Amino acid sequence: MNSTIDSLYSIRIGIDHNLSITEVSKTLLAYMPQVKLGDHFNDHFRVHRPSSIVTFDDIDKHQGLLFLLVGQSDDFAVRGQIVDMSPLQSSDSKLVFLGSPWVGWLSTNRPDIELNISDFSAQDAQLDQIFLTVTEQQNVKDLKEIAEKLQIAKEEAEESNRIRSDFFAVMNHEMRTPLNGVITALNLFDTQQMNTHEKSLYGMAMDSAENLLVVINNVLDFSKLEAGKFEIEETSFGLQELLLSVRRVLIAKATDKGIDLSVQNLQGKDVQLLGDDSKIRQVLINLVSNAIKFTDAGSVAVGVESVGESNGKTIYRFAIVDTGHGVNPDIKDQIFQPFWTEVQGRAEIGTGLGLYICRMAVEMMGGDVQFDSTVGEGSTFWFDVPLAVSEEPPEITNLEVQPERDIAFSCSGRVLLVEDNPTNQALAKLLIKGYGPSVDVAGDGLEAIQLIQSYPYDLVLMDINMPNMGGIEATQTIRKDPQFDSLPIVALTAYSGASERDKYLSMGMNGYLKKPIESARLMRHLAKWLPPVDRNSGDSHGYSRRETDRRETDRRETDRRTEGLVSESIEAHAVSTPQLDFAAFSKLFDELGEKAFDPIFFDFLKDFEEAVVRMEVSWAEKQLVHLAREAHSLCSCLRTYGAMKLGGRMEALDNRIKQNDIEGISSELEIALQECRKLPDILKDARAKIST
Amino acid sequence: MYGLIHNALRDMVLETYGEEKWNEILNVSKSSDQHFVTMQSYEDDVSYNLVGAASEVLGAPADVCLETFGYYWLSNAAPKFYNSLLNSVGGNIFDFLSNVNNLHDRITTTFIDYKPPTFRAEILSDGVVKWHYQSSRAGLTPFVKGIITALAERFEVKIDIEKIEPQEIEMGEYSIFYLTISG
């Protein structure tokens, strides 16, 4: 019987009425060898549960309950039940404790005791519970380990992203700056003096440099996309101006291949829109450039029309139709993916990023891009973009080249021009007066405030960067006086970034006019704020201006190409320009007339040479604030006279100073000063050329 | 098998050959899991593929890999995961060989999907043991051989494997180890 019981319960303790121990199992004796038959139960054990157990009767009454027994020396502990075995056996035991080692107590109080698996009967679940506890602990440990690994992986990914962003920010400067230097240096060559072989080598060098700039721009745009820094801006732009600008950039390439390139606004009339014109231009130039690349003969036609409405915006479709090779429909799903390139023969064509960047730019503007094609016949690529209509009136731009014509616009009123640079003062004053209003000039913000408080003005054109008090501070001061709440104040700024423009508007200004001042844009602002004068009234202040479409668009083309070399525009791959845009120079001469032009021009030459000396001194003394002021001041003047490249160089220098990029300042300034030394002779030659 | 086994294999490879080799083994095995959860059950194919990949990448026959792993399992992995239970199996080699089946019975109550092998020890004479190993999985006798080598070190005895007698069964594997234990 005992062996049967012992196979079920490894701990067995029998007691009689006197609480004498009458039997005990081998397993218990293995851990409590001091226990002898006949010993008093209480000498060896205390009852942990149930409580208040003292006598045999107490024990007897608690049959069926859980008993927890601990050795009096804390040497062992057991758990089990008390049962009355007397009917079943012939021993003296009246009550028998049946159970097993109490694992919980032992692992806490006597971890030194190593229990054996054979100390438990097969049906005893206590060891299983230990196993369960161990596995749960392992689960928690696993989860902690995974969480730590995830945290490390997350931090590494974030660090990698930051390093990549920093890397490309540095590369942006480090790659473009020397390449700009190469292109600038190449532009300084006098190709007239070259023989045929040298011209061929020169052409190869220039083409390679410009192509490399396109590749760099694509790679950097791609990196911006990946880093989530490709931002969409909203500016006001004319639809027809946009189309024309694309045509200007690519007409030379198309003509070289004997391809007819046409642009058409299928709406019929121009419209001023709100959107990211630089991105739309970028996409158009990319798609049209591809169309030209893959068309050997025939035509490339660009058209735009509205195709629907959505959420208060008009959806404009820009389509490019070519008569080129066509695209295999099998690659329809891949063509807009990154790094997909067309293979011609054994050569891969391009970086494979242009179309991907186009797709991402269009999608970020809320549109989509598609294409349809027939191999051997041609392709049509199109993209739809939702755009809002701007409140500003469209500029007068015609897609068809028209003969010279007269446009007369006159207004009256009193304008305050706030500008510190003498040359800019003189030129701007002349331009404004040409439209009719009277013009007063203030040299800084303080003087402007005094004049405004003394005289009634209809419009203030406020330069931003001036000594003593700048334009923003002056505007905020003026606005504090309620009587000047509605006085129109337009910022004169060399910066074209949306963030800068938004800043001026939020500071209380009513608009902005980019420097150097363009007549057409000036006219829009005058027309907005000043009372018009009837053209037929014979007012002697009426201004008659001949607008030649080709010269106006050529000047803008040069402006944009030049800016592209020092900014992030993809148009940097367009044809390079010489040091002076003669068309712009002669346009200014035409607008002012010889009598007004010459005094200002020769004063400018004198001031310019002095400004260059001041720049050299400022740099030698590391007076960067003074250097920045000189560069900023020269920037718009130079562009006004057609020195676009050098004007762009000054703007770039100003930016480097703002970034405290000492190396960049040094390299930029060195090239700028070289060009500055050549400019006076170039300008004098241009003046002489006009005379002949 | 449970992730416990795969993690032990990973630890063994990492300690001896480094992370690059382990990543290579993962690639060759075409495992979709880069990290194994200790107490999660995986298809047996995962385990077999890992062993096969280890054999290929490390340039050793599969049975050598298994024997090495069996040794590593008992010396390092099992004590790391459940040392107290391992200690409870027996304080000497004979108790251990006799009780190890009991331990596997207990494991089964917790690892519900686990199909453990069964063991049975026949003590033939002083120091001679006929140890029966039977499993529903085929090919793991070398793993058990590695365990025996580790047991000898654990209990500081000398165990000679006189022979391993494979037995014919319908499915899985059944081997009888003839052991002479001294020291």
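So you know, we letter chains A, B, ... as the sequences are listed, proteins then strands, and number each from 1. Given the structure is predicted, the values throughout are model-derived calculations rather than measurements.
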Checked D119(A), N139(A), D142(A) vs chain B; the most non-hydrogen pairs under 4.5 Å come from D142(A)
Name the residue from Q134(B), Q167(B), E168(B), H132(B) that meets the side chain to side chain donor-acceptor pair (under 3.5 Å) definition with Y174(B). H132(B)
Does a side-chain N-to-carboxylate-O contact under 4.0 Å join K145(B) and D63(B)? no
Scan side-chain atoms only and decide if Y71(B) and E153(B) contain a donor-acceptor pair under the 3.5 Å cut-off. yes
Do the side chains of K158(B) and D160(B) get close enough for a salt bridge, i.e. N-O under 4.0 angstrom? yes
Measure distances from E145(A) to the heavy atoms of chain B and classify the residue's part below 4.5 Å as side chain, backbone, both or neither. side chain
Heavy-atom cut-off 4.5 Å, strictly under: side chain, backbone, both or neither for L103(B) against chain A? both
The interface call for I146(A) against chain B, heavy-atom contacts under 4.5 Å, is side chain
